[in-house]
Amino acid sequence: MATDAPISTPADIFRLGSMYAMSKVVLTAVELDLFTALQDAEATAEEVCERLGLHPRATRQWLDTLVVTGLLRRENGRYGNSQAATRFLVRGAPAYVGGFLSRSGEMLYPAWGRLTDTLRTGLPQANDGDFRELVDNPAFLDRFLTMMDSLSGHLGPELATSYDWTAHDSVADIGGARGNLVAHLVRAHVHLKGMVFDLPQMEPRFDAHLAELGLSGRASFVPGDFFNDPLPQADVLIMGHVLHDWSEEERRMLVGKAYQALAPGGVLLVYDRMIEDEPTDADNLVVSLHMILTTTDGAEYTQGECLAWLREAGFRQTSVQPLGPTDSLVIATK
């Protein structure tokens, strides 16, 4: 999201205040699985109505809006997916990100409608409840894992190439869900022994996911609760999109547990959508508001805050580098 775009006319302000509408156009397309429906066969607006059970009154304008965004293309009255939609929004595609957008439409979009309430009270507006209880709900767990795969699906290849893994033999992803991130790492670096540490309910889905990827035996699952159990031992521990879920006190505790679990020379990798000390990136600020709207104590944090927690835990060698186009990767060596 540009921060230097001039705002000089009422039209600019109206457009800024109506961006929610474009979001809903895209979220609805994912909700209806439009891009999967168009992947094998282009369609007229009438045929889209028939395939998806829609009324014709709004459908053509909705499709044309998606053409203008660049997610669809239209030729001779027939609609088809753009290259970006084919790569990222067709269900089952390796780089599919629709899981995150589905969760956004289900939880984040309604929560943003109550931002005023959060500003007045500090309370979240979309909190499903205690996560450790919700993972016993198969429907919730499937939606959650699809969302997490959408995020790790594009960060995994970045982490596999942007960090030097040659000096390490083992890696453990803390809160690694069903192992999508670790799968990218062990596929790219055959010498690595991979581990995922997460709640026991994740283990059957971890086994199934690695089997589906043809990586059974390349990584193992370690059941546990990172608030109550010791972390596994590995050359490298990863906390990706973990710390932003919790309070500052809990973040300090988790970083301290990582330090205790590592042998001298071990490395902790932390990545999140960290915000700058003097913010200029509106997108990362919006993500931080996502966390505030949907968690009791979560929010994004600055690189400086993360480095302070690491030094407090005992880490002395630290560095920061970009991870993909949006995240920051903090590297800390014991």
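- By the 6.0 Å contact criterion, CD on Glu276 is enclosed, its count of non-hydrogen atoms from other residues, nucleotides or ligands being greater than 12.
- A distance-only check finds no donor-acceptor pair linking the side chain of Thr146 to the backbone of Gly99 [under 3.5 Å].
- Between the side chains of Ser152 and Asn180, at least one donor-acceptor pair of N or O atoms lies under 3.5 Å.
- The closest donor-acceptor contact from the side chain of Arg103 to the backbone of Arg143 lies at 3.5 Å or more, if one exists at all.
- For Arg273 (side chain) and Asp327 (main-chain N/O), no donor-acceptor pair under 3.5 Å exists by modelled atom type.
- Side-chain contact between Asp235 and Val267 is absent, with no heavy atoms from C-beta onward closer than 4.5 Å.
- The shortest distance between side-chain heavy atoms of Glu46 and Glu50 does not fall below 4.5 Å.
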Quiz item: Checking side chain to side chain donor-acceptor pair (under 3.5 Å) for the pair Glu31/Thr28: CA distance, chi angles, key distance, verdict?
Solution: CA-CA 5 Å; Glu31 177 187 355; Thr28 300; 4.5 Å; no
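- Without hydrogens or angle criteria, Thr161 side chain to Pro157 main chain gives a donor-acceptor distance under 3.5 Å.
- Criterion: ILVMFWY side-chain heavy atoms under 4.5 Å apart, direct or through other members. Under it, Ile292 and Leu115 are part of a common hydrophobic cluster.
- Side-chain N/O atoms of Gln39 and Asn81 include a donor and acceptor closer than 3.5 Å.
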Quiz item: Between Phe315 and Trp309, does a ring-ring contact (aromatic ring centres under 6.0 Å, His included) hold up when you go through it step by step?
Solution: CA-CA 9 Å; Phe315 291 99; Trp309 303 328; over 10 Å; no
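- Contact annotation: the side chain of Leu141 approaches that of Met202 to within less than 4.5 Å [non-hydrogen atoms, C-beta and beyond].
- Between Asp169 and Lys193 no salt bridge is recorded (no basic side-chain N to carboxylate O distance below 4.0 Å).
- Shown here is Gln233, whose CD atom has no more than 12 heavy atoms of other residues, nucleotides or ligands within 6.0 Å.
- Using a cutoff of 4.0 Å between basic side-chain nitrogens and carboxylate oxygens, Asp149 and Arg178 are scored as salt-bridged.
- Note: Trp165 and His189 have tilted aromatic rings, judged against thresholds of 30 and 60 degrees for the angle between ring planes.
- Distance alone, capped at 3.5 Å, places no donor-acceptor pair between the Ser170 side chain and the Ala234 backbone.
- Between Leu101 and Met147 there is no side-chain heavy-atom pair separated by less than 4.5 Å.
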Exercise. Kindly indicate, with the supporting measurements, whether the criterion side-chain contact (heavy atoms from CB on, under 4.5 Å) is fulfilled by Met274 and Asn284.
Key: CA-CA 7 Å; Met274 299 179 200; Asn284 282 355; over 6 Å; no
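- Using a distance-only test at 3.5 Å, with no hydrogens or angles considered, a donor-acceptor pair links the side chain of Arg114 to the main chain of Gln125.
- For Asp117 and Arg120, the salt-bridge test fails: no basic side-chain N is under 4.0 Å from an acidic carboxylate O.
- Lys257 contributes a side-chain N or O that, together with a main-chain N or O of Asp229, makes up a donor-acceptor pair within less than 3.5 Å.
- Rounded to the nearest 0.5 angstrom, Thr59 OG1 and His55 NE2 are separated by 8.5 Å.
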Quiz prompt | Check against side-chain contact (heavy atoms from CB on, under 4.5 Å), Leu54 and Leu32 | solution = CA-CA 10 Å; Leu54 307 180; Leu32 295 172; 3.9 Å; yes
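- Shortest non-hydrogen contact noted between Ala261 and Pro232 is CB-O, 3.9 Å.
- In this structure a side-chain-to-backbone donor-acceptor pair under 3.5 Å is missing from Ser82 to Arg73.
- Residues Ser104 and Leu27 meet the side-chain proximity criterion, which asks for heavy atoms closer than 4.5 Å.
- Looking at every heavy atom in both residues, Tyr79 comes nearest to Leu38 through O-CD2, 3.7 Å.
- Following chains of ILVMFWY side-chain contacts shorter than 4.5 Å, one cannot reach Leu285 starting from Leu289, and the two form parts of different hydrophobic clusters.
- Between the side chain of Arg51 and the main chain of Ala37, a donor-acceptor pair closer than 3.5 Å is present.
- Val196 approaches Ala177 most closely through the heavy-atom pair CG1-O, 3.5 Å.
- Here the shortest heavy-atom pairing between Ile238 and Asp173 reads O-OD1, 3.6 Å.
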Exercise. Output, in order, the C-alpha distance, side-chain angles, deciding distance and verdict of side-chain contact (heavy atoms from CB on, under 4.5 Å) for Leu89 and Thr36.
Key: CA-CA 7 Å; Leu89 292 172; Thr36 304; over 6 Å; no
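- Every residue was checked against the side chain to side chain donor-acceptor pair (under 3.5 Å) condition with Arg251, not counting sequence neighbours, and none meets it.
- At a threshold of 4.5 Å between non-hydrogen side-chain atoms, the residues Phe35 and Tyr96 do not count as touching.
- Cluster membership check: Val97 shares its hydrophobic cluster with Val286, using side-chain heavy-atom separations under 4.5 Å among Ile, Leu, Val, Met, Phe, Trp and Tyr.
- Clustering ILVMFWY residues whenever any of their side-chain heavy atoms sit less than 4.5 angstrom apart, transitively, puts Ile275 in a cluster other than the one holding Leu293.
- The aromatic rings of Tyr163 and His168 sit parallel, their planes meeting at an angle under 30°, below the 60° perpendicular limit.
- Between the CG atom in Leu185 and the CZ atom in Arg187 there is a gap of 10.5 Å [rounded to 0.5 Å].
- Within 6.0 Å of CD on Gln321 lie more than 12 heavy atoms contributed by other residues, nucleotides or ligands.
- Closest approach of Gln201 and Pro204 over heavy atoms only: O-CD, 3.5 Å.
- To the nearest 0.5 Å, the span separating CG on Leu108 from CE on Met291 amounts to 9.0 Å.
- Considering CG of Leu63 and CG of Leu71, their distance stands at 11.5 Å, rounded to 0.5 Å.
- Interatomic distance, CG of Leu310 versus CZ of Arg252, reported as 11.5 Å (0.5 Å rounding).
- Atom OG1 of Thr44 sits about 12.0 Å away from atom CG of Asn76, to the nearest 0.5 Å.
- Contact detail for Gly98 and Val30: the closest heavy-atom pair is O-CG1, 3.7 Å.
- Looking at Ser162, its side chain never comes within 3.5 Å of a backbone N or O of Leu323 through a donor-acceptor pair.
- Centroid-to-centroid, the aromatic rings of His241 and Tyr271 come within less than 6.0 Å.
- A 4.5 Å side-chain heavy-atom check between Leu231 and Phe226 finds at least one atom pair inside the cut-off.
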Practice problem: Take Met19 and Met22 through the side-chain contact (heavy atoms from CB on, under 4.5 Å) test and state the conclusion after the steps. | Solution: CA-CA 5 Å; Met19 291 172 69; Met22 190 63 76; 5.7 Å; no
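- Contact annotation: the side chain of Leu237 never approaches that of Leu269 to less than 4.5 Å [non-hydrogen atoms, C-beta and beyond].
- Under the 4.5 Å side-chain contact rule for hydrophobic residues, Trp112 and Val287 do not share a cluster.
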